[in-house]
Amino acid sequence: MAALSCARWLTRAVVAAPNPWAWRSLCTSAVAHAALRNQSQAEDVRVEGAFPVTMLPGDGVGPELMHAVKEVFKAACVPVEFQEHYLSEVQNMASEEKLEQVLSSMKENKVAIIGKIHTPMEYKGELASYDMRLRRKLDLFANVVHVKSLPGYMTRHNNLDLVIIREQTEGEYSSLEHESARGVIECLKIVTRTKSQRIAKFAFDYATKKGRDKVTAVHKANIMKLGDGLFLQCCEEVAELYPKIKFETMIIDNCCMQLVQNPYQFDVLVMPNLYGNIIDNLAAGLVGGAGVVPGESYSAEYAVFEMGARHPFAQAVGRNIANPTAMLLSASNMLRHLNLEYHSNMIADAVKKVIKVGKVRTRDMGGYSTTTDFIKSVIGHLHPYGA
């Protein structure tokens with residue numbers, strides 16, 4: 001019955017697609033999904049016509065959220081083949097060998113979806129976490145978090161739509177710390193012209209491509225006159241190349257206050273590493289929390305899709321209460337990146353319909369539904385796009 005349902009959707013997709021031949025592989029994928037449904041997930045089975053994607057479930061509720069993605073993808077007959085890898089510092093599943101396996105898979109597939117890889121606070125001889133090392137080795141310099149209100153879910157601020165772009169390969173996260181004298185720690189913040197110009201150009205290119213009007217550079221150049229001063233100077237130089245995009249600057253502490261008081265004044269914000277981490281979480285709280293905001297990271301070659309505010313939610317592990325909204329929306333964005341617009345729209349629409357109807361909501365959204373309830377409701381709202 002499921003195979004028949006998939007076949008019907010795929011037929012409608014072929015009719016609706018402007019390029020019908022591009023959907024040939026979907027039929028192969030639907031048959032393959034039906035044939036493989038009862039096989040072990042541990043098997044690395046090549047599905048003809050499917051897009052290979054690296055999956056890192058991560059820590060905390062990450063595996064549960066990835067299960068949600070796989071269930072919805074299966075129900076929607078999405079032509080994607082997940083290659084799962086496990087990398088965790090808190091579950092003793094982290095080593096140089098595992099890191100290289102993950103890197104090899106991501107370099108081959110070019111696209112990945114990942115959960116939060118938790119970083120322990122304890123110092124065990126290595127300052128750079130596996131998560132940071134992974135991002136650096138792939139040069140995932142641009143983190144993009146689209147903070148957008150969800151129709152039907154009321155928060156203190158509604159109808160928000162802003163984008164936070166964060167440089168995430170240098171700055172305060174450079175892992176350069178040492179004890180210069182007993183009881184004195186020096187932690188180095190690295191700011192380079194090359195990477196500051198690169199993230200500034202990425203932000204203005206993003207604004208241009210997405211039809212946005214303004215870019216705000218967030219900094220603390222009044223105190224860190226050389227480091228943040230260089231970042232700000234690079235943003236100002238790049239801004240001159242985009243006369244149609246309005247450019248503003250704002251000090252980080254004022255930006256935090258302005259986001260709480262009047263977030264509607266912002267469009268695209270670009271900032272160094274640590275500021276971006278803080279603002280991502282603050283802005284996510286404006287629209288409902290970490291469970292509803294998707295995120296993504298880019299290099300020149302690779303794209304990684306994840307939650308916008310990275311939290312392991314360890315307290316929710318095994319309780320079937322995690323909100324899969326952010327991960328499902330991120331997975332939808334991943335499909336759009338793969339040019340699977342039909343499936344991307346179908347899944348995003350289903351998630352948004354569940355939230356708008358309001359009958360099924362997890363605890364973080366004020367409801368009592370389980371993760372399983374939410375997944376089933378999303379699957380129940382999957383309809384051929386345009387039907």
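In this chain, residues are counted from 1 in sequence order.
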Ionic contact status for Lys353 with Asp349, cut-off 4.0 Å: no
Partner set under salt bridge (Lys or Arg N to Asp or Glu O under 4.0 Å) for Lys195, not counting sequence neighbours: none
CZ/Arg363: more than 12 non-hydrogen atoms of other groups inside 6.0 Å: no
Contact list for residues 289-301, test salt bridge (charged side-chain N to carboxylate O under 4.0 Å, His left out), sequence neighbours left out: Lys110-Glu301
Salt bridge (Lys or Arg N to Asp or Glu O under 4.0 Å) against Arg361, all qualifying residues, sequence neighbours excluded: none
Step-by-step side chain to side chain contact (heavy atoms under 4.5 Å, CB included) determination, Leu226 to Leu230: CA-CA 6 Å; Leu226 298 182; Leu230 176 60; over 6 Å; no
Ser149: partners by side-chain contact (heavy atoms from CB on, under 4.5 Å), with sequence neighbours left out: Leu160, Val287
Test side-chain contact (heavy atoms from CB on, under 4.5 Å) applied to Thr54 - qualifying residues, sequence neighbours left out: Leu56, His85, Ser105, Met106, Asn109, Ala112
Glu97, CD: over 12 other non-hydrogen atoms inside 6.0 angstrom: no
Asp161 versus His146, side-chain donor and acceptor atoms under 3.5 Å: yes
Verdict with supporting geometry, Asp139 and Arg198, salt bridge (Lys or Arg N to Asp or Glu O under 4.0 Å): CA-CA 12 Å; Asp139 194 27; Arg198 180 172 66 170; 2.7 Å; yes
Lys/Arg-Asp/Glu bridge criterion (N-O < 4.0 Å) met for Asp228, Lys220: no
Distance-only donor-acceptor check, side chains Ser344 and Ser332, under 3.5 Å: yes
Stepwise side-chain hydrogen bond (donor to acceptor under 3.5 Å, both in side chains) check, Asn333 with Ser330: CA-CA 5 Å; Asn333 292 339; Ser330 184; 5.4 Å; no
Gln168 side chain reached by Ile199 side chain, heavy atoms, under 4.5 Å: no
Same apolar cluster: Val145 and Val260, side chain cutoff 4.5 Å: yes
same_hphob_cluster(Val72, Ile355) at 4.5 Å side-chain heavy-atom cutoff: yes
Pair Asp373-Thr370, side-chain donor/acceptor within less than 3.5 Å: yes
Residues forming a salt bridge (Lys or Arg N to Asp or Glu O under 4.0 Å) with Glu64, sequence neighbours excluded: none
Co-members of the apolar cluster containing Ile223 [side chain, <4.5 Å]: none
hydrophobic_cluster_shared for Val268 and Leu232, side chain cutoff 4.5 Å: no
Straight-line distance of Asn339 CG to Glu341 CD, nearest 0.5 Å: 7.0 Å
Listed partners of Cys256 passing side-chain contact (heavy atoms from CB on, under 4.5 Å), at least two apart: Ile252, Ile279, Leu282
Under the salt bridge (Lys or Arg N to Asp or Glu O under 4.0 Å) test, residues paired with Lys214 that sit two or more places apart: Glu248
Any residue meeting ring-ring contact (aromatic ring centres under 6.0 Å, His included) with Phe202, in chain and number order, not counting sequence neighbours: Phe141
Pair listing, salt bridge (charged side-chain N to carboxylate O under 4.0 Å, His left out) test, anchored in residues 232-242, at least two apart: Arg193-Glu237
With sequence neighbours excluded, residues passing side-chain contact (heavy atoms from CB on, under 4.5 Å) with Ile190: Glu170, Ser174, Leu176, Leu188, Thr192
Leu241, CG atom: more than 12 neighbouring heavy atoms under 6.0 Å: yes
Donor on one side chain, acceptor on other, Asn323 and Thr325, under 3.5 Å: yes
From Met365 atom CE to Phe374 atom CZ, the distance as rounded to the nearest 0.5 Å: 6.5 Å
